[in-house]
J.: 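The structure's right below; bear with me while I get my questions together.
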Amino acid sequence: MMVPAALLLLGALAAVVAPRLLARASWSDREPVVALWVWQCVVAAVLLCCVLSMTLSAAAAWVAVRGHLFGSAPRSVVNAYALSTGGAWAATTAVALACGGAWTAAMLIREIVRTRGRRRRRRAELLVRAPVLPGEEPGADRLVVLEGERPDAWWLPGAAPQLVITTAALRRLKGRQLDAVLAHEQGHARARHDWLLHCSAALAVGFPQVPVFAAFRDEMHRLVELAADDMASRRFGRLTIALALVELNEDRGVFGPCPTPDAHVPQRVQRLLTPPDRLTAARRLRLTAAAALVPVIPVLVAFVPGLRALG
């Protein structure tokens, strides 16, 4: 029963240490796409530790599970895991982790249902404010203009995704700034950033006391915006997207001394105007490969006893 305990310890260690290490990393703002990948790998490793520990604990607690899991394995492999020594502790661990998994699934489903509800309400509001004219098909236009005194633009995902922009924003955005805003929102859609935000929100709401999940949610909201900024700036230039951000957010007080919910916007503008040096391609490749190996560690911990018994 040492392997399930080791997996739990490894998961707890990653959940506490990883956010601190990534917060100190100086390259995350320079390479937001790589940082998004690293965060996903870390969270996947934590979840994998829990799943493997739950599986082995269940095998130690119940003979039926053990038969399914080790049915064709040699006796030496089964003995290597010392499953018969778990007792009540194994059953308690397996049930607790299974409940945690069910709770995670419930939180994710709730997040998706809420998001779809908000999306339906926004589409209904959009039809009221911009009704479909005779001869038009709903959702046929990718760009919808709404009357509004507040400059705003947002991407409305779905089967027929649309960019919604107000007339106030059209008056403010000049030249290619509108194209840059469209490219920014399309970058979110192509990279499926909405799913990252759903998953991170579900984990953070379901387990608010776990540091890695709270940090995962906060960093996803920040990094997806940086990544979309970079996608747009490659086509239209950093100055163009920076000016578009200023025009859309100037009246919201985000550039004042008092903090606001959009306090990250000034940092985004500053980053676009004074772009940091990117990492070399070789270093990006090393970081990506190293992050991909992180979820492999729990798998190795789980399989090492069996492989030793076979070897």
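Atoms considered below: every heavy atom in the structure, side chains included; atoms not considered: hydrogens, waters and symmetry mates.
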J.: Hey, any chance Val210 and Val43 share a hydrophobic cluster, counting ILVMFWY side chains that come within less than 4.5 Å of each other, even indirectly?
T.: yes

J.: Is the backbone N or O of Asp230 less than 3.5 Å from a side-chain atom of Ser233, with the two atoms forming a donor-acceptor pair by type?
T.: yes

J.: Is there side-chain contact between Arg118 and Arg114, with at least one heavy-atom pair below 4.5 Å?
T.: yes

J.: Look only at the side chain of Ser28 and the backbone of Ala35, and say whether a donor-acceptor pair between them is shorter than 3.5 Å.
T.: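 Not at all, since once roles are kept as given, no pair shorter than 3.5 Å links the two residues.
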
J.: For the CZ atom on Arg20, are there more than 12 heavy atoms of other groups (residues, nucleotides or ligands in this structure) within a distance under 6.0 Å?
T.: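 Incorrect, the count does not exceed 12.
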
J.: The criterion is side chain to side chain donor-acceptor pair (under 3.5 Å); which residues satisfy it with His193, sequence neighbours excluded?
T.: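 Only His188 meet the side chain to side chain donor-acceptor pair (under 3.5 Å) criterion with His193.
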
J.: Contact between Thr104 and Leu47 at the side-chain level, heavy atoms closer than 4.5 Å - yes or no?
T.: no

J.: Return yes when atom CH2 of Trp103 has more than 12 non-hydrogen atoms of other residues, nucleotides or ligands closer than 6.0 Å, and no otherwise.
T.: no

J.: Could you walk me through whether Asp229 and His184 satisfy the side-chain contact (heavy atoms from CB on, under 4.5 Å) test, starting with their C-alpha distance in whole Å, then the side-chain angles of each, then the deciding distance to 0.1 Å, before giving a yes or no?
T.: CA-CA 6 Å; Asp229 286 345; His184 173 97; 2.9 Å; yes

J.: Short question: side chain of Gln270, backbone of Pro266 - any donor-acceptor pair under 3.5 Å?
T.: no

J.: In the structure I gave you, are the side-chain heavy atoms of Leu52 and Val301 within less than 4.5 Å of one another anywhere?
T.: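 Answer no - side chains too far apart.
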
J.: With side-chain contact (heavy atoms from CB on, under 4.5 Å) as the test, would you mind laying out the steps for Leu279 and Val34 before giving the verdict?
T.: CA-CA 10 Å; Leu279 301 180; Val34 177; over 6 Å; no

J.: Search all heavy atoms of Val46 against all heavy atoms of Ala15 and return the closest pair with its distance.
T.: CG2-N, 4.1 Å

J.: Between Ser200 and Leu196 (side chain of the first, backbone of the second, donor and acceptor by atom type, cut-off under 3.5 Å), is there such a pair?
T.: yes

J.: Within the supplied structure, the quantity of interest is the number of heavy atoms (other residues, nucleotides, ligands) at a distance under 6.0 Å from Arg75 CZ; does it exceed 12?
T.: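 For Arg75, atom CZ is not crowded (no more than 12 foreign heavy atoms under 6.0 Å).
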
J.: If you define the side chain from C-beta out and look only at heavy atoms, does anything of Trp195 sit under 4.5 Å from Ile112?
T.: yes

J.: Supply the atom-to-atom distance Leu223 CG to His221 NE2, rounded to the nearest 0.5 angstrom.
T.: 11.0 Å

J.: Are more than 12 heavy atoms, taken from residues, nucleotides or ligands other than Arg234, located less than 6.0 Å from that residue's CZ atom?
T.: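 Yes - once you tally the heavy atoms of other residues, nucleotides and ligands closer than 6.0 Å, there are more than 12.
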
J.: Look up atom OG1 in Thr115 and atom CZ in Arg122, then write down how far apart they are to the nearest 0.5 Å.
T.: 11.0 Å

J.: NE2/His198 to CD1/Ile109 distance, rounded to the nearest 0.5 angstrom?
T.: 13.0 Å

J.: Could you tell me the separation between the CG atom of Leu146 and the CG atom of Leu170, rounded to the nearest 0.5 Å?
T.: 10.0 Å

J.: So which atom in Leu97 and which in Ser53 form the shortest heavy-atom distance, rounded to 0.1 Å?
T.: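 Residues Leu97 and Ser53, closest heavy atoms: CD1-OG, 3.8 Å.
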
J.: Side-chain contact, heavy-atom cut-off 4.5 Å: Leu226 with Arg268?
T.: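 Contact flag for Leu226/Arg268 side chains = yes.
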
J.: Are Leu22 and Val33 connected into the same hydrophobic cluster when the rule is that any two of I, L, V, M, F, W, Y join if their side-chain heavy atoms are below 4.5 Å apart?
T.: no

J.: Please examine the side chains of Trp155 and Leu182, heavy atoms only from C-beta on, and report whether any two atoms are closer than 4.5 Å.
T.: yes

J.: Please list, chain by chain and in numerical order, all residues satisfying side chain to side chain donor-acceptor pair (under 3.5 Å) with Glu247, sequence neighbours excluded.
T.: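 If we apply the side chain to side chain donor-acceptor pair (under 3.5 Å) test to Glu247, skipping adjacent residues, the hits are Arg172.
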
J.: Closest heavy-atom contact between Ala180 and Phe236?
T.: CA-CD1, 3.7 Å

J.: With ring pair (Phe, Tyr, Trp, His ring centres under 6.0 Å) as the rule and sequence neighbours excluded, what pairs involving residues 17-39 come up?
T.: none

J.: Consider only side-chain heavy atoms of I, L, V, M, F, W and Y, link residues closer than 4.5 Å, and tell whether Val38 and Leu10 are in one cluster.
T.: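 No: no chain of side-chain contacts under 4.5 Å links Val38 to Leu10.
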
J.: Quick one: side chain to side chain donor-acceptor pair (under 3.5 Å) partners of Arg217, sequence neighbours excluded?
T.: none

J.: So which heavy atom on Val294 is nearest to which on Cys41, and how close?
T.: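 Nearest pair, atom of Val294 first, then Cys41: CG1-O, 4.1 Å.
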
J.: For residues Leu248 and Asp152, determine if any side-chain heavy atom of one lies less than 4.5 Å from a side-chain heavy atom of the other.
T.: no

J.: Return the set of residues passing side chain to side chain donor-acceptor pair (under 3.5 Å) with Arg24 (not counting sequence neighbours), or none when no residue passes.
T.: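 Arg24 satisfies side chain to side chain donor-acceptor pair (under 3.5 Å) with no other residue.
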
J.: Ala94 and Ala58: which non-hydrogen atoms are nearest, and at how many Å?
T.: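 The pair with the smallest heavy-atom distance is CB-N, 3.6 Å.
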
J.: Work out which heavy atom in Leu245 is nearest to a heavy atom in Asn249; give both atom names and the distance.
T.: O-ND2, 2.8 Å

J.: Would you compute the distance between atom OG1 of Thr166 and atom CG of Leu173 and round it to the nearest 0.5 angstrom?
T.: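 One finds 8.5 Å between OG1 of Thr166 and CG of Leu173.
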
J.: Out of curiosity, does Val42 fall in the hydrophobic cluster containing Val17 (side-chain heavy atoms, cut-off under 4.5 Å, transitive links)?
T.: no

J.: Can you find a pair of side-chain heavy atoms, one from Cys199 and one from Leu108, that are under 4.5 Å apart?
T.: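 Counting from C-beta outward, Cys199 and Leu108 do come under 4.5 Å.
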
J.: Is Leu197 linked to Val205 within one hydrophobic cluster, defined over Ile, Leu, Val, Met, Phe, Trp and Tyr using a side-chain heavy-atom separation of less than 4.5 Å?
T.: yes

J.: Where the side chain of Thr167 meets the backbone of Glu147, is there a donor-acceptor pair that is under 3.5 Å apart?
T.: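 No.
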
J.: Could you state the interatomic distance from CG (Leu178) to CD1 (Ile165), rounded to the nearest 0.5 Å?
T.: 4.5 Å

J.: Can you pull out every salt bridge (charged side-chain N to carboxylate O under 4.0 Å, His left out) where at least one residue sits in residues 28-51? Sequence neighbours excluded, please.
T.: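 Matches after skipping sequence neighbours: Asp29-Arg222, Glu31-Arg278, Glu31-Arg284.
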
